[in-house]
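Everything on this sheet refers to the single structure shown next.
Nothing fancy with the numbering, it's 1 onward along the sequence.
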Amino acid sequence: CSLQAKRLLLDPKFEGYKLSLEPLACYQLGLDAAVAEVQLRDDQYTLDHMRAFGMYNYLHLDSWYQDNVYYVDQFGRVMNLSVTLDTALQKPREVFRLPTDLTACDNRLCASMHFSSSTWVTLSDGTGRLYLIKSGKRGNSASEKWEIVFNEELGSPFIVAHSVSFVKCDAHSLAVLLLRVEKDELDTKGSGFHVTLEWVTIAGREGDHGYEIIKRTVLQGKSVPHYAAIEPSGDGLMIVSHKPFTFMQSESEELEENDDAKVSYEKKDPLYYWQQTEDDVTITVHLPQDITKDDIKIRFSPDNICVTLKDQPPLMEGKLYSSVDHESCTWVIREDKSLEISLIKKNEGSRWPELIVGDTRGEFIMDPSQCSEIAESLMHLTSEVMNPNPEKENPPCNAQELEECDAFLEDGASLCRFDGNTMKVTHIINLGSNQYLFSVVVNPKEMPCFCLRHDVDALLWQPHSDQPENMWEHIATFNALGYVQASKQDKKFMACAPDYSYAALCECLRRVFIYRQPTPLATVLYNRKEGRQVGQVAKQLVATLEANDPILGFQATSERLFVLTTKTLFLIKVNSGN
């Protein structure tokens, strides 16, 4: 498949961002207890550990309710801040407390959560235990009451990557995606680790209102996925990753599949072998033991051939690639019980790419002299020297014309959709140089959108699992953001407003950059160089936070940016509510 950008959403005349010095209202709230940050251990030294856990976003945005964020503090309390008025901010309030003592587990990861629906939350304490929580309507202390419905130990520690809530066959189910980075003893040449995504489906039991696991599926890959999300119906999974993921089968399934593979492999043995020179074509067919000369019937015509053994269906039949002199064609049975057929080409010197048009049951055997002849004819196209003819007017490629920010580390990224039942890949898109930037939830009832760099712009794509013809829709463009973000060496998180009015990125410390998309001007403005009136302007704003702690969490809503450090939660008012 491929991603089709909408030309109407692209602005080829975009002139750039104007630095705006207008002040941004910034509010800060001191936290009662520090955020439950988990530092990487000495044995978590790979890039995958850094991406999955070291760059983890500790601030969680509840997309089902406006301006509602959560984080977990060092006492295992899930704290909530719900904003209605910036000037009357309340302190974050506790909505739930994890039953386990977080500090007791040595190899724990950071606590993680995901909002499956408007009333359901999936939560991990980082020790390998998963909680399903019925929360009631969130963001309002009167109606919000977090109650554990299911909790179970699911093996080694993980973080919750995504979850969805759906109803299937009149039973309520939740599908949860768990991410782990695990030691791989077999990987001696690589990092020594692999990444697993475990897809767990939990369904309600009839009668006692309890919940139980009904399915566990594991996918394995060699890089942390940039994006992994389950479809709202629970029927499929989409992954954007640098290296591909494959479904890990249980031993019984593997044995069954191997038996099927053996049968299909036996079928794939070539029915015949053929060779060619400039003048003729030779076909060799291995005959069964009981076949005699009288059992073989061969019919030649200028453009067709038909070979029949005994009273069986034709062994070879069809239109030849090119015409032959059918009267000069012969056949003979060799001593090794093989049938050899000689066809004389009418057009001497022409090479046949296939023997019988559309027939793939035969195998072409090329002799060594032909191989060297073809290699010689292609020799002028290749050279062992990097630039064999520097005097040539147009060199084939000049890598120096690429700027540093155009060099992509990960050219091999791909977007795959897996079917939930077969766990086979149904769609694949090679993203090539379309660098992954970030993901955002625009509509909580749909899958999260992902943002990719296309040339200098950043394009936002909305997956539609229920629309096979339009599975990935281009819904918004952030002008020149792909180019701008590439120059920010210290960037840690990126986000955008669900209404696409701005995109933002933050560095590891203090600084936040906001890129407002073009908006109409209240006053008349002229471009001096071209002498034309400018109708709208895109602005860049920079906010510097009064904090020396590293930024641990970053979330954007249509009006505000939320920035979390170890001991402070900052609110930056980007757009006014009107």
Query raised in the report: Okay, side chain of E473, backbone of P463: is any donor-acceptor separation there less than 3.5 Å?
Result: no
Requested in this report: With rounding to the nearest 0.5 Å, note down the distance linking CG in L320 to CD1 in I305.
Outcome: 6.0 Å
Query raised in the report: Does W274 have its ring centroid less than 6.0 Å away from the ring centroid of F364?
Result: yes
**Report entry** Residues T46 and D48: side-chain donor-acceptor under 3.5 angstrom
**Finding:** no
Query raised in the report: How about I298 and F300: do any of their side-chain heavy atoms sit closer than 4.5 Å?
Result: yes
Query raised in the report: What about F193 and H49, are their ring centers closer than 6.0 Å?
Result: yes
Query raised in the report: In this structure, which one of L437, L481, L431 forms a side-chain contact (heavy atoms from CB on, under 4.5 Å) with R453?
Result: L437
Requested in this report: Would you please say whether a donor-acceptor pair under 3.5 Å links the side chains of R417 and T426?
Outcome: yes
Query raised in the report: Within a radius of less than 6.0 Å around NZ of K488, do more than 12 heavy atoms belonging to other residues, nucleotides or ligands occur?
Result: yes
Query raised in the report: Mind checking whether Y227 and F450 have parallel, tilted or perpendicular rings, split at 30° and 60°?
Result: perpendicular
Report task. Compute whether any side-chain donor of one residue and acceptor of the other, for S165 and S116, lie under 3.5 angstrom apart. Result -> no
Query raised in the report: Can you tell me if CD on Q467 sees more than 12 non-hydrogen neighbours from other groups inside 6.0 Å?
Result: yes
Query raised in the report: Is the closest side-chain heavy-atom distance between L415 and I428 below 4.5 Å?
Result: no
Requested in this report: Find the distance between CZ (R299) and CG (N304) and round it off to the nearest 0.5 Å.
Outcome: 8.0 Å
Query - Close aromatic pair by centroid cut-off 6.0 Å: H172 and Y211 - result: yes
Query - Heavy-atom side-chain contact between P498 and V441 under 4.5 Å - result: no
Query raised in the report: How are the rings of H474 and W461 set relative to one another: parallel (under 30°), tilted (30 to 60°) or perpendicular (over 60°)?
Result: tilted
Query - Distance flag, aromatic centroids of Y436 and H226, threshold under 6.0 Å - result: yes
Query raised in the report: More than 12 heavy atoms of other residues, nucleotides or ligands under 6.0 Å from NZ of K168: is that the case?
Result: yes
Query raised in the report: Out of curiosity, L343 CG to D280 CG, how far, rounded to the nearest 0.5 Å?
Result: 8.5 Å
Query - Within-4.5 Å side-chain heavy-atom neighbours: S124 and R129 - result: no
Query - Any donor-acceptor N or O pair under 3.5 Å, side chains N347, S350 - result: no
Query - Beyond-backbone contact of M447 with H162, side-chain heavy atoms, under 4.5 angstrom - result: no
Query - Side-chain H-bond candidate by donor/acceptor type, S223 with H242, under 3.5 Å - result: no
Query raised in the report: About how many Å separate NE2 of H194 and CZ of F245, when rounded to the nearest 0.5 Å?
Result: 10.0 Å
Query raised in the report: Can T292 and I333 be said to form a side-chain contact (heavy atoms from CB on, under 4.5 Å), step by step?
Result: CA-CA 9 Å; T292 63; I333 295 177; over 6 Å; no
Query raised in the report: N430 and S414: side-chain donor and acceptor closer than 3.5 Å?
Result: no
Query raised in the report: Aromatic rings H427 and W472: how do their planes relate, parallel, tilted or perpendicular, breaks at 30° and 60°?
Result: perpendicular
Query - N479 backbone acceptor or donor facing Q517 side chain under 3.5 Å - result: yes
Query raised in the report: If you measure only the distance, is there a donor-acceptor pair under 3.5 Å linking the side chains of Y272 and D359?
Result: yes
Query raised in the report: Without hydrogens or angle criteria, can the side chains of S338 and E340 be said to hold a donor-acceptor pair below 3.5 Å?
Result: no
Query raised in the report: What's the spacing between Y273 OH and L355 CG if we round to 0.5 Å?
Result: 14.5 Å
Requested in this report: Report yes if the side chains of I230 and V164 come closer than 4.5 Å at any heavy-atom pair, otherwise no.
Outcome: yes
Query raised in the report: Are the side chains of T277 and T282 in touch, meaning some heavy atoms are under 4.5 Å apart?
Result: no
Query raised in the report: Got S342 and W331 here, is their nearest side-chain heavy-atom distance under 4.5 Å?
Result: no
Report task. Might you confirm whether atom CG of D336 has over 12 heavy atoms from other residues, nucleotides or ligands at distances under 6.0 Å? Result -> yes
